[in-house]
Number of protein chains: 2
Amino acid sequence: MTVISHQSIRQALLGRIQSGEWALGSRIPGETDLATEYGCARTTVNRALQALADEGLVVRKRKGGTRVCQTPVRQAKFEIPILREQVETAGSNYSHRLVCNKLKRPPPPVRSRLHIPAGGKAAHMQTIHYADSSPFAYEERWVNTQAVPEILTTPLGEISVNEWLVKMVPFSSGDVVFSAVSADEKIADALEIEVGAAIFVIDRTTWLDDAFITTMTLYYKEGYKLYSQL
Amino acid sequence: MTVISHQSIRQALLGRIQSGEWALGSRIPGETDLATEYGCARTTVNRALQALADEGLVVRKRKGGTRVCQTPVRQAKFEIPILREQVETAGSNYSHRLVCNKLKRPPPPVRSRLHIPAGGKAAHMQTIHYADSSPFAYEERWVNTQAVPEILTTPLGEISVNEWLVKMVPFSSGDVVFSAVSADEKIADALEIEVGAAIFVIDRTTWLDDAFITTMTLYYKEGYKLYSQL
DNA sequence: TATGCTATTATGTATGCACATAATAATTTC
DNA sequence: GAAATTATTATGTGCATACATAATAGCATA
């Protein structure tokens, strides 16, 4: 026993949960009991239990005590890929081409997602991302120029919209939707594949506080996979 | 200000990061300074900063101090859906049909994923999941009978393999891979759709400590979307 | 019996303190 | 002057304590 700590206690508790010693939904000993059992302060046990609670493995209630979670919600975490990194870690050369960049009226679904007033305009961009010289992903994006007016005066040749936004509003919130679609002609054309191929799609909307910044759809080339951990 | 706490401090610090007051990669004041500024103990600031570090917003180093993360890794979290719940929360009736349940030699990729010795066998199952009476998802699964021999003597009529496993080894680890494929004949047949339709696929392997339990591929009906949050 | 107060219990949170640890800066030693 | 040693600094971790808070159990009163 080199180190004693909240981590090792967390580990020990996890083991007892995984082994089934404490059944699903059953109440586990109180903090004070565990503290004496492991020979440490209650604070330390508290930290360990809090960690397990954060991970969704146990549920804690005042007075009610701590219980093993009834329905173990399997939460997966993954990193939203940054295209350039993704390509470069694969050992290829990243580049991109801005196919279109116009200010125009967004279609209703986009308008409502970005909270743009009726009749208002937004910047519309289409980008093809390349790994070496073959297309890797096709991006369709709308940017709310109310929220980030600087986008209009930025030369988007060298730096991609994506990277520009990451620099400008790095800590925004957002939601992400994954799905699969068949490539229509536009997508097939951009990715240089057959119409009808199965395409992995990431749909993403980003905001900062009350300002809706951008919504984007990313179509990956066939065969793309997204890895994640439980 | 009703409550002072690590949470509100975390919030305040988050605001200063988001607003750009502290630039990307820049060093932020030390714990002691922040403690005096917010009028609380260093421990409390520590908790707030630890939380931000867990979320990947800041990087902390001994002596080096705390810095705003240079490349804000956008981590998304989502809950692995449980089919029954998914169907039932949509207001439909869940049911499933076990199409196949045989003990046989798995193909090499499955064999290596489940760490089954050469020539060894595993249980192979195919299940169709229904929402009301129309197919919703098609599941292909291999179970390592070495790890969970009980599966062989369980009547898998009423309870699905999925639910049985959740009950038996609820807190296992695993990895998940998402992708898109075109429906081949087998899948199209099971889901009662056209061959070639774009299908969202979840591939999942589950283990507990050293025991590899099961690997599963889940093919969702067209139009399925997976939601997630940043 | 119904209602309202009080005690108990288990977790939640904050504090002050002490010491550990890692990285760097300053100083000493050869 | 280079290398080894020591000091300093900022975070990491643990402990004892105190009080807050939520939910329940028990009791008491009308």
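Chain naming here is simple, since letters A, B, ... match the order of the sequence lines and numbering starts at 1 in each. Side-chain atoms are counted along with the backbone in the values below, which use heavy atoms only and exclude waters and symmetry mates.
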Query raised in the report: From C:dT11, D:dG12, C:dT13, pick the nucleotide closest to the side chain of A:Glu31?
Result: C:dT11

Query raised in the report: Is any side-chain heavy atom of A:Val169 less than 4.5 Å from a side-chain heavy atom of A:Thr214?
Result: no

Query - Counterpart residues, side chain to side chain donor-acceptor pair (under 3.5 Å), relative to B:Gln126 (two or more places apart) - result: B:Tyr138

Query raised in the report: With sequence neighbours excluded, what pairs up with A:Ile159 under the side-chain contact (heavy atoms from CB on, under 4.5 Å) test?
Result: A:Glu163, A:Trp164

Query raised in the report: Given C:dG12, C:dA14, D:dT13, which nucleotide is nearest the side-chain atoms of A:Arg60?
Result: C:dG12

Query raised in the report: Pick one: which of B:Asn46, B:Thr36, B:Thr43 meets side chain to side chain donor-acceptor pair (under 3.5 Å) with B:Glu31?
Result: B:Asn46

**Report entry** Phosphate-side-chain proximity, A:Thr66 and C:dT11, N/O vs OP1/OP2 below 4.0 Å
**Finding:** yes

Query raised in the report: Rounding to a whole Å, what distance do you find between A:Arg47:CZ and D:dG12:C1'?
Result: 8 Å

Query raised in the report: Can you tell me how far P of C:dC19 sits from CZ of B:Arg42, to the nearest Å?
Result: 14 Å

Query raised in the report: Considering residues at least two apart in sequence or located in another chain, which fulfil the ring pair (Phe, Tyr, Trp, His ring centres under 6.0 Å) criterion with B:Phe136?
Result: B:Tyr220

Query raised in the report: Counting any heavy atom closer than 4.0 Å, what does B:Arg27 reach on the DNA or RNA strands: base, sugar-phosphate only, or nothing?
Result: sugar-phosphate

Query raised in the report: What's the CG-C1' distance between B:Asn46 and C:dA18, to the nearest Å?
Result: 15 Å

**Report entry** salt bridge (charged side-chain N to carboxylate O under 4.0 Å, His left out) involving A:Arg204 - partner list, sequence neighbours excluded
**Finding:** none

Query raised in the report: When you check every protein heavy atom under 4.0 Å of nucleotides 23-28 of chain C, what one-letter string (B, S, -) results, 5' to 3'?
Result: BS----

Query - side-chain contact (heavy atoms from CB on, under 4.5 Å) involving B:Thr44 - partner list, sequence neighbours excluded - result: B:His6, B:Ile9, B:Cys40, B:Ala41

Requested in this report: Could you say whether A:Gly65 or A:Thr43 is positioned toward the 5' end of DNA chain C, judged by the nucleotide with the nearest heavy atom to each?
Outcome: A:Gly65

Report summary line: Testing D:dT13, D:dC15, C:dT13 for proximity to the side chain of B:Gln50, the answer is D:dT13

Report summary line: B:His6 has its side chain closest, among D:dC15, C:dT11, C:dA14, to C:dA14

Requested in this report: Please state how far atom CG in A:Leu49 lies from atom P in C:dT11, giving the value in whole angstrom units.
Outcome: 7 Å

